Q: 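This is the structure I have questions about; it appears just below.
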There are 2 protein chains.
Amino acid sequence: MRKQKKGCDVPDATILRLPLYLEKLKLLQAIGVEDVSSRQLAESLDIKASQLRHDFHYFGGFSRPGRPYQVAKLVPALEKIIGIAEPVHSIIVGAGHLGQALANYQNLDVQGFPIKGIFDVNPKLIGLDFRGAVVQDMDEMEAVIDKEAVKIAILTVPAVHAQAVTDRLVAAGIVGIFNFAPMDLKVPANVAVRNERMAVGIMSLSFKVKCILQNSEEKEEAEDL
Amino acid sequence: MRKQKKGCDVPDATILRLPLYLEKLKLLQAIGVEDVSSRQLAESLDIKASQLRHDFHYFGGFSRPGRPYQVAKLVPALEKIIGIAEPVHSIIVGAGHLGQALANYQNLDVQGFPIKGIFDVNPKLIGLDFRGAVVQDMDEMEAVIDKEAVKIAILTVPAVHAQAVTDRLVAAGIVGIFNFAPMDLKVPANVAVRNERMAVGIMSLSFKVKCILQNSEEKEEAEDL
DNA sequence: TCAAAGCTGTTAATTTTTTGACAGGTCGTG
DNA sequence: CACGACCTGTCAAAAAATTAACAGCTTTGA
């Protein structure tokens, strides 16, 4: 028996580029482009063509030598690889400001992640309607996960409750957690977690801002001589 | 003249870990821990101690051989490196659901990024108050950036307007843009952009979910034999 | 028909990042 | 004091990712 199913032993860096490829390809498709070469696609994403071909090679390639990629074939192929050929039923846990914002963010649906429920413990929030999804009591969560075959949970609860909620989600059969709480979650090996840490993002930006400001100061000093 | 100011020529992967170090250290500080060894800190973050020391080495090291790190010294040192020793004045551009959620997310202030203004073109949103910050007309933006010496803009406008707004921000002297629009922004070399793409995050999660489900299916089949 | 231009899949070379190893320094204890 | 346990800074080795190179296929146009 092989360790991993075909096409699953792929570096993280490549996985993170797949959505970018798909996004750009959908854009091309929308404006009627039929064919696209690795160079065209790569340049529009500011990466090297060889890297794109190398990435695709993990999945066996999507064309044959001599012919550019066909957008109409590439889009569904990537969707299948990413796992969104069929809609991936999802829920939002935590209906605070961020949870509400995400519930209102219709793109999630469009991208293949229909929101099958929003849950919170706060009675004041229960019943609020976001684009058709009504906030329910957290007690209903397990039932909805089961009934709707929910696979992914978007976690926007306060950090202190994140682990407890996670344990419930895992027990209920959730396979992927998109975690917005600034906290490392403990999960079994057969559950995937993706941390979305705002703080990391803005701090890494701050680092670069600091460097830019330092450099420009230095430059000014040099000019003052 | 050297190419880059000291401590700015650091790999991205290291930069992305600095906020994690800082976060964990603040946590330790809060519970009264005074000293921490590279191994303790690294293990709590699920990385290798040698990597942590290697990361710190880019900045000259924060202790001396034989002595563990002192939390009280490390925290301000990292804050200085990241560039948040002094508050980094920031604004939010786009007061839609996501902009509102971020405005309500007090952590930004706490982490060193006080929000000096929220801007939108929609008259219905202007005047809304989020934790003391009132939504203003986009016409006021440049004036506020100038007056408050704003360095970072958090961009939550629709993708179609993102580039136009970016051009205005750059012209007004913004140095860093935290971009939530699903779009690549064109900026001059002396402006830093950090893209926060929800779609990339949830799709990379989806990929792993797909692999987990495939593997478990395979396992079940094997057991059925 | 032939050459030129352009393309992919694939492998090799290069670069970058991570990990390991270790020379010394420090501390607590007997 | 001497020993063992533990520590950091540093550099070398290993692993991983990116980039380059190229064989061979396809189309176009003279």
Side-chain angles (χ1 to χ4, degrees), chain A residues 3-4 6-21 24-25 28 33-75 77-78 81 200 204 207, chain B residues 3-4 6-21 24-25 28 33-75 77-78 81 200 204 207:
Chain A
K3 262 268 185 66
Q4 280 200 288
K6 176 199 157 202
C8 284
D9 191 11
V10 175
D12 269 9
T14 293
I15 297 175
L16 289 173
R17 280 189 293 268
L18 297 180
L20 301 178
Y21 298 147
K24 189 64 75 172
L25 284 164
L28 292 175
V33 175
E34 292 184 357
D35 295 338
V36 65
S37 71
S38 61
R39 189 158 48 81
Q40 290 171 316
L41 188 50
E43 272 177 12
S44 75
L45 288 164
D46 212 33
I47 63 170
K48 294 280 191 293
S50 55
Q51 175 162 77
L52 186 151
R53 291 203 301 274
H54 200 286
D55 283 344
F56 283 6
H57 187 228
Y58 283 105
F59 309 101
F62 299 115
S63 181
R64 60 210 157 104
R67 298 284 342 206
Y69 301 110
Q70 292 171 256
V71 177
K73 285 190 178 175
L74 203 40
V75 167
L78 282 174
I81 288 169
V200 171
S204 70
F207 177 89
Chain B
K3 262 265 184 69
Q4 280 200 289
K6 177 200 155 201
C8 284
D9 192 12
V10 175
D12 269 8
T14 293
I15 297 174
L16 288 174
R17 280 189 292 267
L18 296 180
L20 301 179
Y21 298 148
K24 189 65 75 173
L25 283 164
L28 292 175
V33 175
E34 292 184 357
D35 295 338
V36 65
S37 72
S38 60
R39 189 158 48 80
Q40 290 171 316
L41 188 51
E43 272 176 12
S44 75
L45 288 163
D46 212 32
I47 62 170
K48 293 280 191 292
S50 54
Q51 176 162 75
L52 186 152
R53 291 203 299 275
H54 199 284
D55 283 343
F56 283 6
H57 187 227
Y58 283 105
F59 309 102
F62 298 116
S63 181
R64 60 211 157 102
R67 299 279 329 164
Y69 301 109
Q70 292 171 256
V71 177
K73 285 189 179 177
L74 204 39
V75 167
L78 281 173
I81 288 169
V200 171
S204 70
F207 177 88

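In what follows, chains carry the letters A, B, and so on, assigned in the order in which the sequence lines appear, proteins first and then strands, with residues in each chain numbered from 1. Keep in mind it's a predicted model, so treat the numbers as computed, not measured.
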Q: With rounding to the nearest 0.5 angstrom, report the CD1 to CD1 distance, I81(A) to I15(A).
A: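 It comes to 11.0 Å.
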Q: I need the S38(B) OG to E43(B) CD distance, nearest 0.5 Å.
A: 9.5 Å
Q: Rounded off to whole Å, could you give me the NE2-to-P distance for the H54(A) and dA16(D) pair?
A: 13 Å
Q: Return a single string for nucleotides 21-30 of chain D, one symbol per nucleotide in 5' to 3' order, where B is base contact, S is sugar-phosphate-only contact and - is none, cutoff 4.0 angstrom on heavy atoms.
A: BB-BBSS---
Q: Rounded to whole angstroms, how far apart are CZ on R39(B) and C1' on dG9(D)?
A: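 Atom CZ in R39(B) sits about 17 Å away from atom C1' in dG9(D).
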Q: Calculate the interatomic distance between D46(A) atom CG and dT18(D) atom P; express it in whole Å.
A: 14 Å
Q: Walk along DNA chain C from 5' to 3' and tell me the first and last nucleotide with an atom closer than 4.0 Å to a non-hydrogen atom of chain B.
A: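 Extent of the interface on DNA chain C: dT17(C) to dC27(C).
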Q: Between Q51(B) (side chain) and K48(B) (backbone), is there a donor-acceptor pair under 3.5 Å?
A: no
Q: Starting from C1' on dT8(D), measure out to NZ on K73(B) and report it in whole angstrom.
A: 14 Å
Q: To the nearest 0.5 Å, how far apart are NZ in K24(B) and CD in Q40(B)?
A: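 Those atoms lie 12.5 Å apart.
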Q: Of the non-hydrogen atoms in Y21(B) and L78(B), which two are nearest, and what is the gap between them?
A: CB-CD1, 3.9 Å
Q: Tell me the interatomic distance from F62(B), atom CZ, to dG9(D), atom C1', rounded to whole angstroms.
A: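 Checked: the CZ to C1' distance equals 12 Å.
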Q: With heavy atoms under 4.0 Å as the rule, sort Y69(B) into base, sugar-phosphate or nothing.
A: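 Answer is sugar-phosphate: Y69(B) comes under 4.0 Å of backbone atoms only.
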Q: Measuring from H57(A):NE2 to S50(A):OG, what's the distance to the nearest 0.5 Å?
A: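 H57(A) atom NE2 to S50(A) atom OG measures 13.5 Å (nearest 0.5 Å).
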Q: In terms of relative ring orientation, are Y58(B) and H54(B) parallel, tilted or perpendicular, with 30° and 60° separating the classes?
A: perpendicular
Q: When you check the phosphate oxygens OP1 and OP2 of dG9(D), does a side-chain N or O of H57(B) lie under 4.0 Å from one of them?
A: no
Q: Hey, is the side chain of S37(B) poking within less than 4.0 Å of OP1 or OP2 on dC7(D), counting only N and O atoms?
A: yes
Q: Could you give the CG-to-C1' distance, from L52(A) to dA17(D), as a whole number of Å?
A: 15 Å
Q: Without decimals, in angstroms, what is the distance between L41(B) CG and dC6(D) P?
A: 18 Å
Q: Please classify the nucleic acid contact of F56(A) as base, sugar-phosphate, or nothing, using heavy-atom distances under 4.0 Å.
A: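 Counting heavy atoms under 4.0 Å across all strands, no contact is made by F56(A).
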Q: Would you kindly give the CG-to-P distance between D12(B) and dT18(D), to the nearest whole Å?
A: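 Roughly 12 Å, once rounded to whole Å.
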Q: Going from CZ on F207(A) to CG on L18(B), what distance comes out if it is rounded to the nearest 0.5 angstrom?
A: 6.5 Å
Q: With rounding to the nearest 0.5 angstrom, report the CG to CG distance, L52(A) to L45(A).
A: 7.5 Å
